[in-house]
Amino acid sequence: MTIVPRAVSPRAAWALEQAGVDTLLARLYAARGVCDPQELDDGLHLLPPPEQLRGATDAATLLADALQRRRRIAIVADYDCDGATACAVAVRGLRLLGQRLGGAQVLHLVPDRQRDGYGLTPALADRVHALGADVLVTVDNGIASLDGVAHARALGLQVLITDHHLPLTVDGQPRLPADCVIVNPNQPGCPFPTKALAGVGVVFYVLLALRAELRRRGCFQPSDQPRLDPLLPLVALGTVADVVRLDVHNRRLVAQGLKRIRAGAVPAGLGALLAVAGRVPARATTFDLGFAVAPRLNAAGRLANMALGIECLLSDDPDHAQALAQQLDAINRERRELEAAMREQALLQLAERELPTGAEQAPAVTVFDPSFHEGVVGIVAARLKDRLHRPVFVFAPARLDDGTPCLRGSGRSIAGLHLRDALDAIAKRHPGLLLRFGGHAMAAGCTLRADGWPLFDAALRDVAQQWLEPDALQRRLHTDGELGAERHHPDTAALLDAQVWGQGFAPPLFQADAEVLGQRLVGERHLALRLRVHGQPMEAIWFGHTEALPHRVRLAYRLDADEWQGLRRTRLVVEGVQT
C-alpha cells in the first residue's frame, strides 16, 4: 500500500474560490478536474435535452400512441438496484403521464436470477405475451437480447429497449436487436454528451421526451403538465447504486434527488429503507444510498426476487412500505452471512491452491466452488478484488433455460484491465467456452459451460498478464493530502457529506502521519484506535481489520461525525495504512 496525494491545479482552485466556493471544497473539486464553477450548478435547466438521446423521440412517439390508445404496457426490469429503480420510475412515470388520458395500463415483471438468467429471453417474452401486453419495454437490459427481442416481435409485441450497457459485438462490429426502438447512450451514433447514464437515468430521459410529445399533442400545457421531479430520489438511488461515473450530468441528477430526500419529499418505500438502515432522510448522503439502501434492495435480487424490492419502491402506503423494508432488511442480513461464508471459503481455496496474496500473486484470480450461491458471486468478487487488488471472477453452479448445467460468474476489475473487453478476447481465443457475457470496464458477468472453469481461469490470467502493466498491480490509495487541525470538526464533516461524491468523483480522503496511542478490537472484526494527529488526540476506527499497528503510521482516512450523549464529535474512518 502506497498513499499518494492527488495533484491539484492551483489555477482551477483559485477560480473556484473566486466564485465563492469554500477553500477546502475548491481544492477537492480542482483535484477532481472541475475547472468551471458552472459545473457545480446542479440546476435541472442545465441537463442535456432528451432529444439528444438517440431513440428518445421515437420512444416518446411509441409510448404516447400506446397511452392514447389505452394499450397495455409491460415493463421488463433487471434484478439489481438500478433495474429496480428504473422499473419503479417507468411505472410511476407512465401512470402519472397517462392520468390525463384515462389512465395507463402498466404492469411489470422482473426475471428471476436463477430461473431466467439476465435480460429479455424468449421465455420471458412468452410470459409478457401471456399477460396480454401490447408493448414491451425493457429497463436496464435488452441491448444484448437479440433472440428475446426477435421472439417478442414474432409474437406481435412492440418493443422498446432502454438500456445503458454496451451492445454485443460480432467481428468487432456492434450488433443491435432488430425491428425495435432502442434508447441507449452507448449505442452507435448516439450524440448524447454523456455515456455514463445509469439505466434509471435513461428511463427518466425517456419520460421527459414522452411528456414533451404529449404536450405537443395538446394533452396538457407547460403550465399544468405533470411534474416528473418527484421521481428524482429514485433516479439518484439507482445512479449511485450502479456505480456509474458521476460526471457533471449524473452529479446533477443525484444532487437534485438528494435535495428532495433531505426536504422530506421521499417516496414511502425509499423512506422506509432509509429508516430500517438507521439513516435520517434530512441528512441523507450518497454514502447512505450506496451502502445502506442499495444493498437491501440488491439482496432481494440476489437471494429472493426483486419483485419484492420493486413493490417497496412503488408503495405509497407508509405502513406497507415499512413492512416490505423490514423483509428486505432480513434478506440482507442473510445475504451478509452467506457472503462472509463464501468469502472465507474463497480465501481458503486460494491458500490451498498456493496462490499468494501479496505482490507475487497471479495477475488475475478466479474462484469456483459447488456450494457457492449464484446471487452473491458479484459482491464476493468485489470484496476479493478490494483485498487482493487484482481482477477477480467468482463462479457458482447454474442452469441454462433448457436445464443444462453451466457456471455463472461475476467479475470486478482494477484500473488497467477492461473486463468486458477481456471477456471478448477470451471468447475469441476459446470459441464455445463462454456461452454469453456482458458488462462494463470494471464489472462484468459471463456464463461458462459446466466444465469450463479451469480453462477460463488460465485464459483470464493470460489476458491479464498481457494487458496489465506491472505498475497497475501495485496498490495505490490516492488522497487529498493533509487536512489542517482546524478542519477536524463536525462542521467540516457535515460540509463534505452535503456534496455529491461517488464513482469517478471520489469521496474526500485525507492523509496524516499519526502516533498510535492505543488500539483495541471492537466486535472482534474492527480496530478502534486512539491517535495523535497534528499534536491533537483523535479517535479512529478501521473497519474489517484486526491486525495491530506499529507506533507510527501514515493513514488515509475520511472524516466522520456523529452525536454521542448530546455531543457532536468527529472521528477518523481509516481506509488504508502505510507503515
Side-chain angles (χ1 to χ4, degrees), residues 59 63 66-67 72-98 104-113 115-121 124-125 127-128 131 133 135-143 145 148 152 157 159-165 183-184 197-208 210 228 230-242 244 253 257 267-270 272-273 289 293-294 296-302 304-316 320-321 324-325 328:
L63 292 173
L67 291 176
R72 181 170 290 187
I73 303 170
I75 311 298
V76 176
D78 186 23
Y79 37 64
D80 67 0
C81 188
D82 185 20
T85 53
C87 181
V89 166
V91 172
R92 285 183 175 275
L94 288 171
R95 288 175 178 170
L96 178 66
L97 293 173
Q105 299 185 72
V106 185
L107 50 94
H108 67 276
L109 69 163
V110 59
D112 181 275
R113 183 187 292 265
R115 181 185 66 185
D116 301 308
Y118 173 77
L120 175 64
T121 62
L124 206 54
R127 287 167 58 190
V128 172
L131 292 171
V135 179
L136 187 159
V137 180
T138 69
V139 294
D140 192 33
N141 75 95
I143 196 67
S145 301
L157 291 163
V159 178
L160 166 60
I161 302 295
T162 75
D163 201 351
H164 68 124
H165 296 94
V183 186
N184 183 337
L197 279 181
V200 69
V202 175
V203 170
F204 184 70
Y205 266 90
V206 168
L207 293 173
L208 291 175
L210 172 58
L228 295 176
L231 301 174
L232 285 167
L234 296 179
V235 175
L237 170 59
T239 299
V240 171
D242 213 46
V244 293
L253 290 173
L270 177 51
L273 287 166
L289 298 181
V293 176
R296 286 166 169 80
L297 279 171
N298 279 328
R302 296 181 190 281
N305 190 299
M306 186 50 92
L308 181 66
I310 293 172
E311 183 183 357
C312 183
L313 296 180
L314 288 174
S315 177
D316 291 318
H320 181 55
L324 294 171
L328 292 167

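In this text the structure is predicted, and so the values were computed from the model without any measurement.
- Using a 4.5 Å heavy-atom threshold, the side chains of V183 and L160 count as touching.
- The nearest pair of heavy atoms linking A66 to V135 is CB-CG2, 4.0 Å.
- With contacts defined as side-chain heavy-atom distances shorter than 4.5 Å, the pair P267/L234 qualifies.
- Nearest heavy atoms, P230 versus P233: O-CD, 3.2 Å.
- Going from atom CZ of R127 over to atom CG of L120 covers 11.0 Å, rounded to the nearest 0.5 Å.
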Walk me through whether L210 and L67 qualify under side-chain contact (heavy atoms from CB on, under 4.5 Å).
CA-CA 10 Å; L210 172 58; L67 291 176; 4.0 Å; yes

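- Taking the side chain as every heavy atom from C-beta outward, V110 and C87 never approach each other to under 4.5 Å.
- Side-chain contact between C312 and L328: present, with at least one pair of heavy atoms (C-beta onward) separated by less than 4.5 Å.
- By the 4.5 Å heavy-atom criterion applied to side chains, L237 and L297 are counted as neighbours.
- Using modelled atom types, one side-chain atom of N298 and one backbone atom of C81 make a donor-acceptor pair closer than 3.5 Å.
- With hydrogens and angles ignored, the 3.5 Å screen pairs no side-chain donor or acceptor of D242 with any backbone N or O of V244.
- Here the closest non-hydrogen pair linking V159 and A152 is CG2-CB, 3.8 Å.
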Are V139 and V76 close enough, and set up right, to give a side-chain contact (heavy atoms from CB on, under 4.5 Å), and what steps lead you there?
CA-CA 6 Å; V139 294; V76 176; over 6 Å; no

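- Each of V128, I161, I75 was evaluated against L136; a single residue qualifies, V128, per the side chain to side chain contact (heavy atoms under 4.5 Å, CB included) test.
- Heavy-atom minimum distance, T162 versus T138: OG1-O, 2.5 Å.
- Put simply, the side chain of V200 reaches to within 4.5 Å of the side chain of T239, judged on heavy atoms.
- Under the 3.5 Å distance criterion, the side-chain polar atoms of R95 are matched with a main-chain donor or acceptor of V106.
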Test V206 against L63 for side-chain contact (heavy atoms from CB on, under 4.5 Å), laying out the working first.
CA-CA 9 Å; V206 168; L63 292 173; 3.8 Å; yes

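- Considering every non-hydrogen atom in both A300 and G309, the closest pair reads CB-N, 4.4 Å.
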Mind running side-chain contact (heavy atoms from CB on, under 4.5 Å) on L324 and L308 for me, showing each step along the way?
CA-CA 7 Å; L324 294 171; L308 181 66; 3.4 Å; yes

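- Sorted by first and then second residue, the pairs that involve residues 72-86 and meet side-chain hydrogen bond (donor to acceptor under 3.5 Å, both in side chains), not counting sequence neighbours, are D82-H164.
- Minimum interatomic distance between V203 and A86 (heavy atoms only, all atoms of both residues): CG1-O, 3.8 Å.
- With respect to R92, the side chain to side chain contact (heavy atoms under 4.5 Å, CB included) criterion is satisfied by exactly one of L207, D316, L97: D316.
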